[in-house]
Asks: 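Take a look at the following structure, please.
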Amino acid sequence: MRHIRAARTAQRHAVRAIALRGLAHPLTHVLLAAAATAAAQAWDAGHRVTDLHPARTDRK
């Protein structure tokens, strides 16, 4: 479960950086790379994509 938590946290940080600094900012690139690495580690640990991105039930 720590892999999933790390991947979600990294993804949130990357999204915030995009919102605050823009997609072209170097910090955003670093945080996106960290999010991708964390997601790959979760995948390698046997987690599925749906573990990281569960289906939203509030959509119609």
Side-chain angles (χ1 to χ4, degrees):
M1 191 63 165
R2 73 178 178 95
H3 293 291
I4 295 297
R5 190 174 311 126
R8 285 182 182 157
T9 300
Q11 183 182 35
R12 274 196 294 283
H13 286 291
V15 169
R16 287 181 186 154
I18 291 169
L20 292 173
R21 303 180 191 289
L23 189 56
H25 194 277
L27 178 60
T28 301
H29 288 216
V30 170
L31 292 172
L32 284 169
T37 300
Q41 288 173 346
W43 177 266
D44 289 343
H47 297 286
R48 298 172 33 182
V49 173
T50 55
D51 296 337
L52 184 59
H53 298 285
R56 293 184 60 183
T57 58
D58 61 336
R59 291 187 181 180
K60 294 180 181 176

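Keep in mind that this is a model prediction, so the values were computed, not measured.
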Asks: Looking at every heavy atom in both A10 and A38, which two are closest together, and how far apart are they?
Replies: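 Heavy atoms of A10 and A38 come nearest at CB-CB, 4.3 Å.
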Asks: May I ask you to decide if L23's main-chain N or O and T28's side chain share a donor-acceptor pair within less than 3.5 Å?
Replies: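 No, T28 side chain to L23 backbone: no donor-acceptor pair under 3.5 Å.
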Asks: Under the 4.5 Å side-chain heavy-atom rule for ILVMFWY, direct or indirect, which residues accompany L27?
Replies: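 When side chains under 4.5 Å apart are linked, the cluster holding L27 also contains L31.
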Asks: With rounding to the nearest 0.5 angstrom, report the CG to CD1 distance, L32 to I18.
Replies: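 The distance works out to 4.5 Å.
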Asks: Could you give the distance from CZ (R21) to NE2 (H29), rounded to the nearest 0.5 Å?
Replies: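 One finds 13.0 Å between CZ of R21 and NE2 of H29.
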Asks: Using every non-hydrogen atom in the two residues, find where H3 and A45 come nearest and quote the distance to one decimal.
Replies: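 Shortest heavy-atom separation between H3 and A45 comes out as CD2-CB, 3.4 Å.
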